[in-house]
Amino acid sequence: QVQAGESGGRLVQTGGSLRLSCAAKVSGRPFSMTGVAWFRQAPGKDREFVARINSGSTLIYYADSVRGRFTISRDNAKNLAFLQMDSLKPEDTAVYYCAARDGPSSSPFPDDYDHWGQGTQVTVSS
């Protein structure tokens, strides 16, 4: 079983940067064999795909709204995934979730993920 937990969210000004971390506790399946994604959910809105990465970091995808500003990465040796967020905008304000799935590929759809963290709040002030 893979369990995920996020950290790094806080209040930041427009144009600032944050780095979110996802610590994955794995039993039965190595973290290195899981696909990972970041999603976010703003108040009153549906959960939204942000970025995803496959187990070997060879396939990486971003939502159009964050491409060029956000970078997803992972360190399989440390069971960690990251989301580097630069040039932050007020519309990036949301709770950010890390998700992992029991398979090497990733997906942009929340229903394809088996394990979720509790979320970390990111607030970008204008």
Open item on the list: Applying side-chain contact (heavy atoms from CB on, under 4.5 Å), can you list everything that pairs with S87, at least two apart in sequence or on another chain?
Closed with: R69
Open item on the list: Please report the interatomic distance CZ(F31) to SG(C22), rounded to the nearest 0.5 Å.
Closed with: 6.0 Å
Open item on the list: Checking F70 against L18 for the side chain to side chain contact (heavy atoms under 4.5 Å, CB included) test, could you report, in this order, the C-alpha distance in whole Å, the side-chain angles of both residues, the deciding distance, and whether it holds?
Closed with: CA-CA 10 Å; F70 290 11; L18 283 177; over 6 Å; no
Solution key, residues 45-53 side-chain donor-acceptor pairs under 3.5 Å, sequence neighbours excluded:
from : atom 1 : to   : atom 2 : distance (Å)
E48  : OE1    : R40  : NE     : 2.8
R52  : NH1    : S106 : O      : 3.2
R52  : NH1    : S106 : OG     : 3.1

Open item on the list: If hydrophobic residues (ILVMFWY) are linked whenever their side-chain heavy atoms come closer than 4.5 Å, directly or via other members, who joins F82 in its cluster?
Closed with: L80
Open item on the list: Nearest 0.5 Å, please: how far is CG in L20 from CH2 in W38?
Closed with: 4.5 Å
TODO: Using atom types as modelled and distance alone, determine if a side-chain donor or acceptor of T93 lies under 3.5 Å from a backbone N or O of V124.
DONE: yes
Task: Non-hydrogen side-chain atoms of R74 and I60 separated by less than 4.5 Å - done: no
Open item on the list: With a 3.5 Å distance limit and no angle check, can you tell me whether D114 reaches the backbone of D102 through a side-chain donor-acceptor pair?
Closed with: yes
Open item on the list: Using a 3.5 Å distance criterion without hydrogens, assess whether the side chain of N54 forms a donor-acceptor pair with backbone atoms of L59.
Closed with: yes
TODO: Return yes if some donor-acceptor pair links the side-chain N/O of N76 with the main-chain N/O of S55 below 3.5 Å, else return no.
DONE: yes
Task: Expected output: side-chain Q84 to main-chain R19 donor-acceptor under 3.5 Å - done: no
TODO: Can you see which heavy atom on T14 is nearest to which on S126, and at what distance?
DONE: OG1-CA, 3.4 Å
TODO: Kindly say whether A94 contributes a backbone atom to a donor-acceptor pair with the side chain of Q41 at under 3.5 angstrom?
DONE: no
TODO: Quick one: name the residues clustered hydrophobically with M33, using the 4.5 Å side-chain heavy-atom rule over I, L, V, M, F, W, Y, and just say none if it's on its own.
DONE: none
- [ ] Apply the test side chain to side chain contact (heavy atoms under 4.5 Å, CB included) to residues V12 and S17: give CA-CA distance (whole Å), side-chain angles for both, the deciding distance (0.1 Å), then the verdict.
- [x] CA-CA 7 Å; V12 64; S17 296; over 6 Å; no
Task: ring pair (Phe, Tyr, Trp, His ring centres under 6.0 Å) involving Y113 - partner list, sequence neighbours excluded - done: F39
Task: Partners meeting salt bridge (Lys or Arg N to Asp or Glu O under 4.0 Å) with R10 (sequence neighbours left out) - done: none
Task: Short N-O contact, K89 and D92, less than 4.0 angstrom - done: no
